[in-house]
J.: 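Below are the structure tokens for one structure; questions will follow.
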Amino acid sequence: MDGRNTLKKNSDFRRLYSKGKSSVNAYMVVYCRRNRGTAGRVGYTVSTKLGHAVVRNRVRRRLREIYRLNLPSLKPGYDIVIVARSRCVGAEYAKMERAFLSACEKLGLISGAE
């Protein structure tokens, strides 16, 4: 699994929002749903309310890196959408990573936790 499988279609995002499970914390909302394939796919949503393009891209880069580094510990075969919240803008990287891992643990996406 290389982590390059991304969600791009609006219909995929909408399906996850409506039919997927979600976990909310102060930094992000994580939606997940089992997909038909063996590889996991991921999508990122960063609203324009968070700031200008430079700020949004910084948040998106951090989320991509957090997902990439923690990909080996996630279960394969799930579609995941990560929606950044306003606290992500000024947050430390370590806090964002802890928030992502706790959300994944609540959703049962961590390989060791069931």
Side-chain angles (χ1 to χ4, degrees):
M1 208 183 314
D2 62 356
R4 294 175 195 217
N5 295 329
T6 59
L7 295 170
K8 299 220 187 293
K9 293 184 180 178
N10 189 20
S11 60
D12 292 337
F13 280 85
R14 296 278 177 210
R15 185 179 312 111
L16 272 170
Y17 293 147
S18 64
K19 298 186 179 190
K21 294 191 304 184
S22 65
S23 177
V24 181
N25 56 46
Y27 298 99
M28 62 191 72
V29 182
V30 178
Y31 294 90
C32 77
R33 185 170 191 226
R34 189 108 174 109
N35 65 20
R36 292 187 182 130
T38 57
R41 299 186 301 169
V42 66
Y44 308 94
T45 303
V46 182
S47 172
T48 56
K49 295 177 183 177
L50 267 57
H52 294 292
V54 173
V55 174
R56 293 193 310 268
N57 287 332
R58 184 183 310 126
V59 170
R60 199 175 294 116
R61 278 195 310 269
R62 284 178 165 195
L63 291 175
R64 275 197 307 257
E65 185 68 4
I66 288 168
Y67 177 79
R68 185 186 70 82
L69 291 175
N70 292 294
L71 184 60
S73 65
L74 297 177
K75 290 181 181 177
Y78 282 89
D79 288 343
I80 299 173
V81 170
I82 304 168
V83 180
R85 298 180 85 183
S86 59
R87 285 198 184 170
C88 272
V89 173
E92 296 175 11
Y93 178 85
K95 288 184 180 180
M96 288 175 62
E97 186 171 28
R98 267 187 263 126
F100 174 72
L101 290 173
S102 71
C104 287
E105 196 169 338
K106 286 178 189 174
L107 293 170
L109 293 175
I110 305 294
S111 295
E114 292 220 7

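Note that these values count all heavy atoms, side chains included, but never hydrogens, waters or copies made by symmetry.
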J.: Please tabulate, for side-chain N and O atoms in residues 76-88, each donor-acceptor pair with protein atoms closer than 3.5 Å (sequence neighbours left out).
T.:
from, atom 1, to, atom 2, distance (Å)
Asp79, OD1, Asn35, ND2, 2.8
Asp79, OD1, Arg41, NE, 3.0
Asp79, OD2, Arg41, NH2, 2.9
Arg85, NH1, Asn25, O, 2.7

J.: Restricting to non-hydrogen atoms, name the atom on Ala103 and the atom on Val30 that form the minimum distance, rounded to 0.1 Å.
T.: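 Between these two residues, the closest heavy atoms are CB-CG2, 3.7 Å.
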
J.: Report the distance from atom NZ of Lys106 to atom SG of Cys32, rounding to the nearest 0.5 Å.
T.: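 Atom-to-atom, Lys106:NZ and Cys32:SG are 13.0 Å apart.
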
J.: Could you walk me through whether Leu16 and Leu7 pass the side-chain contact (heavy atoms from CB on, under 4.5 Å) check?
T.: CA-CA 10 Å; Leu16 272 170; Leu7 295 170; 3.5 Å; yes

J.: Taking atom OH of Tyr93 and atom CD1 of Ile66, what is their separation to the nearest 0.5 Å?
T.: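 Nearest 0.5 Å value for the OH-CD1 distance: 5.0 Å.
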
J.: So Leu74 and Tyr67, do their side chains get closer than 4.5 Å, heavy atoms only?
T.: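 The answer is yes, as the side chains (C-beta and beyond) meet within the 4.5 Å cut-off.
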
J.: Out of curiosity, does Leu101 fall in the hydrophobic cluster containing Val24 (side-chain heavy atoms, cut-off under 4.5 Å, transitive links)?
T.: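 Unlinked, Val24 and Leu101 end up in two clusters.
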
J.: Can you see which heavy atom on Val29 is nearest to which on Ser22, and at what distance?
T.: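 Taking Val29 first and Ser22 second, the nearest heavy atoms are CG1-CB, 4.5 Å.
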
J.: Do Glu65 and Arg68 sit within salt-bridge range, that is, some charged N less than 4.0 Å from a carboxylate O?
T.: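 Yes, charged N to carboxylate O under 4.0 Å.
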
J.: State, yes or no, whether a side-chain contact exists between Glu105 and Leu109 at a heavy-atom distance under 4.5 Å.
T.: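 Glu105 does not reach Leu109 side chain to side chain.
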
J.: Would you list the pairs meeting salt bridge (charged side-chain N to carboxylate O under 4.0 Å, His left out) in which at least one residue belongs to residues 21-30, sequence neighbours left out?
T.: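 Residue pairs passing salt bridge (charged side-chain N to carboxylate O under 4.0 Å, His left out), neighbours aside: none found.
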
J.: Distance check, rounded to the nearest 0.5 Å: Arg33 atom CZ versus Ser18 atom OG?
T.: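 It is 7.5 Å, given to the nearest 0.5 Å.
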
J.: Suppose we screen for side chain to side chain contact (heavy atoms under 4.5 Å, CB included). Which residues come up paired with Ala94, at least two apart in sequence or across chains?
T.: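 Testing Ala94 for side chain to side chain contact (heavy atoms under 4.5 Å, CB included), a comparison that skips the adjacent residues, returns Arg98.
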
J.: Passes side-chain contact (heavy atoms from CB on, under 4.5 Å), Thr6 versus Lys8? Steps please.
T.: CA-CA 6 Å; Thr6 59; Lys8 299 220 187 293; 2.8 Å; yes

J.: Kindly write out the residues that satisfy side chain to side chain contact (heavy atoms under 4.5 Å, CB included) with Asn57, not counting sequence neighbours, or none if the list is empty.
T.: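 Once residues adjacent in sequence are excluded, the partners of Asn57 under the side chain to side chain contact (heavy atoms under 4.5 Å, CB included) criterion are Ala53, Arg60, Arg61.
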
J.: Starting at CE of Met28, measure out to OG of Ser102 and round the result to the nearest 0.5 Å.
T.: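 With rounding to 0.5 Å, CE (Met28) is 8.0 Å from OG (Ser102).
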
J.: If the condition is side chain to side chain contact (heavy atoms under 4.5 Å, CB included), which residues does Lys9 pass it with, not counting sequence neighbours?
T.: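 Partners of Lys9 by the side chain to side chain contact (heavy atoms under 4.5 Å, CB included) criterion, ordered by chain and then number, come out as Ser11, Asp12.
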
J.: Between Pro72 and Ser111, which heavy-atom pair has the shortest distance, and what is it?
T.: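 Smallest interatomic distance, heavy atoms only, reads O-OG, 4.2 Å.
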
J.: Taking all non-hydrogen atoms of both residues into account, name the closest pair between Ala91 and Arg62 and its distance.
T.: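 Where Ala91 meets Arg62 most closely, the heavy atoms are O-NH1, 2.5 Å.
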
J.: Are Leu63 and Phe13 linked, directly or through other ILVMFWY residues, by side chains that come within less than 4.5 angstrom of each other?
T.: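 Shared cluster, no.
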
J.: Within this structure, what is the OG1-CZ distance for the pair Thr48 and Arg56, rounded to the nearest 0.5 Å?
T.: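 These two atoms lie 6.0 Å from each other.
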
J.: Is it possible for you to say whether Met96 and Leu107 belong to one hydrophobic cluster, with membership spreading through side-chain heavy-atom contacts below 4.5 Å?
T.: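 Yes.
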
J.: Write out all pairs satisfying ring-ring contact (aromatic ring centres under 6.0 Å, His included) with one or both partners inside residues 15-37, taking only residues at least two apart or from two chains.
T.: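 Listed once each, the pairs are Tyr17-Tyr31.
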
